[in-house]
2 protein chains.
Amino acid sequence: MYEQLKLDNQLCFRLYTAARLVMRAYQPYFAPLGITYPQYLVLLVLWEQDGQPVCDIAKRLMLDTNTVTPLLQRMEKAGLVVRQKGKEDTRQRIVTLTEKGMAMREQMASVPECLGADVVSKVGSADEVLAMIPALDKLIGGLKSIDE
Amino acid sequence: MYEQLKLDNQLCFRLYTAARLVMRAYQPYFAPLGITYPQYLVLLVLWEQDGQPVCDIAKRLMLDTNTVTPLLQRMEKAGLVVRQKGKEDTRQRIVTLTEKGMAMREQMASVPECLGADVVSKVGSADEVLAMIPALDKLIGGLKSIDE
DNA sequence: ACAAAATACATCGCACACGATATATTTTTA
DNA sequence: TAAAAATATATCGTGTGCGATGTATTTTGT
């Protein structure tokens with residue numbers, strides 16, 4: 001009875017747990033630099049394309065501005081980015097990396113590989129884990145289309 | 001350059017996003033009942049085995065007591081559980097479902113299926129998504145062993 | 001051109017997560 | 001058995017996520 005309400009039968013619990021544990025695994029690399037995992041994601045977005053308005057960053061990370069705005073405010077206070085009023089559209093806030101924010105790119109360059117190695121050393125092989133990517137993208141695409 | 005720092009090359013971002021979007025997809029089912037996703041997880045644990053100490057619930061969900069204790073306090077205030085001092089070990093707090101907490105099991109019984117149907121209607125097929133489960137378990141097992 | 005709708009950002013409140021720390025109780029160990 | 005270590009829970013502070021709401025600016029529809 002209630003088979004579908006067993007914790008071990010739930011995909012969602014696995015996703016929730018895996019996401020938390022991955023963030024936790026990143027902690028040792030982030031803590032010395034004084035950044036958090038979501039802040040790292042913002043940096044990834046800005047390293048690819050600097051000088052974006054808040055809404056574009058939010059869209060890329062699939063977050064809302066009520067999450068991203070305070071996040072960027074903290075990052076500005078930490079000296080990682082600056083937020084300037086847009087020239088064409090004054091509603092916008094253009095977010096730009098500071099020297100410190102750009103410099104962090106080199107400091108972080110080896111981290112994904114290190115973490116990958118950490119995981120592989122425990123899991124055994126990376127292939128099975130990386131093979132999830134297409135299915136995750138499919139799931140994310142489907143879930144994203146639910147609320148719009 | 002910096003290929004490994006591209007957002008689209010990161011497994012972790014997919015896990016983080018998928019977990020958030022799944023929780024969001026659950027929202028319409030939880031909101032009318034006044035519970036949250038983590039509270040639902042606690043209910044899953046207690047429906048399987050009622051009357052557990054805080055530490056066992058935390059262990060099952062791979063969370064710490066500093067997350068679970070306030071969670072249970074809110075659930076007690078909401079009338080879903082009671083927390084009583086343990087008889088053998090008075091350090092423990094035994095968490096037990098109330099009538100309301102137990103009744104919610106039937107109200108939730110069809111939710112995982114409904115959500116599954118929601119996702120399948122968008123993703124197309126469930127097989128590829130469900131096929132991730134063994135890899136997720138492997139990943140979780142590996143990550144868990146990193147910090148201990 | 002001008003009122004209405006849409007957009008961009010911000011603020012507020014609440015509920016997690018989690019590191020750090022504190023307290024009480026049990027278990028272990030010398 | 002008494003001190004030390006381990007365990008169970010709780011509290012505090014910070015940083016997200018996100019629903020609800022507010023404000024300013026741009027775009028749209030007539």
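Chain naming here is simple, since letters A, B, ... match the order of the sequence lines and numbering starts at 1 in each. Everything numeric in this text was worked out from a predicted model, so none of it was measured. Note that these values count all heavy atoms, side chains included, but never hydrogens, waters or copies made by symmetry.
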Pi-cation contact, B:Y16 with B:R20 (under 6.0 Å, within 45°): yes
In whole Å, what is the span from the CG atom of B:L72 to the C1' atom of D:dT11? 15 Å
Side-chain N or O of B:T69 closer than 4.0 Å to phosphate OP1/OP2 of D:dT11: no
Below 4.0 Å: OP1/OP2 of D:dT11 and any side-chain N or O of B:Q73: yes
Taking only side-chain nitrogens and oxygens of B:R93, does any of them come within less than 4.0 Å of OP1 or OP2 of D:dA8? no
Checking all strands, does A:R74 fall into the base, sugar-phosphate, or nothing category for heavy-atom contacts under 4.0 angstrom? base
Given DNA chain C, 5'-ward residue of the pair B:K85 and A:M23, judged by closest heavy atom: A:M23
Side-chain contact, heavy-atom cut-off 4.5 Å: B:M132 with A:L136? yes
With a non-hydrogen cut-off below 4.0 angstrom, is A:T67 in contact with a base, only sugar-phosphate, or nothing? base
Are any protein N/O atoms closer than 3.5 Å to N/O atoms in nucleotides 1-7 of chain D? If there are, list each pair with its distance.
residue, atom, partner, partner atom, Å
D:dT7, O2, B:R91, NH1, 2.5

Report which part of the nucleic acid A:T65 touches: base, sugar-phosphate, or nothing (heavy-atom distance under 4.0 Å, all strands). base
Using a 4.0 Å heavy-atom cut-off, does B:Q27 contact any base of the nucleic acid, only the sugar-phosphate backbone, or nothing at all? nothing
Any ion pair linking B:K6 and B:D8 (charged N to carboxylate O, less than 4.0 Å)? no
5' to 3' contact window, DNA chain C with chain B (heavy-atom distance under 4.0 Å): C:dA15 to C:dT26
Can you tell me if B:R83 touches the phosphate of D:dA10, counting only side-chain N or O atoms and a distance under 4.0 Å to OP1 or OP2? yes
Among the candidates D:dT11, D:dT26, D:dA10, find the nucleotide nearest to the side-chain atoms of A:T90. D:dT26
Which nucleotide in D:dC12, D:dT9, D:dC18 has an atom nearest any side-chain atom of B:N66: D:dC12
Without placing hydrogens or testing angles, list every side-chain donor-acceptor pair under 3.5 Å for residues 101-114 of chain A, not counting sequence neighbours.
none

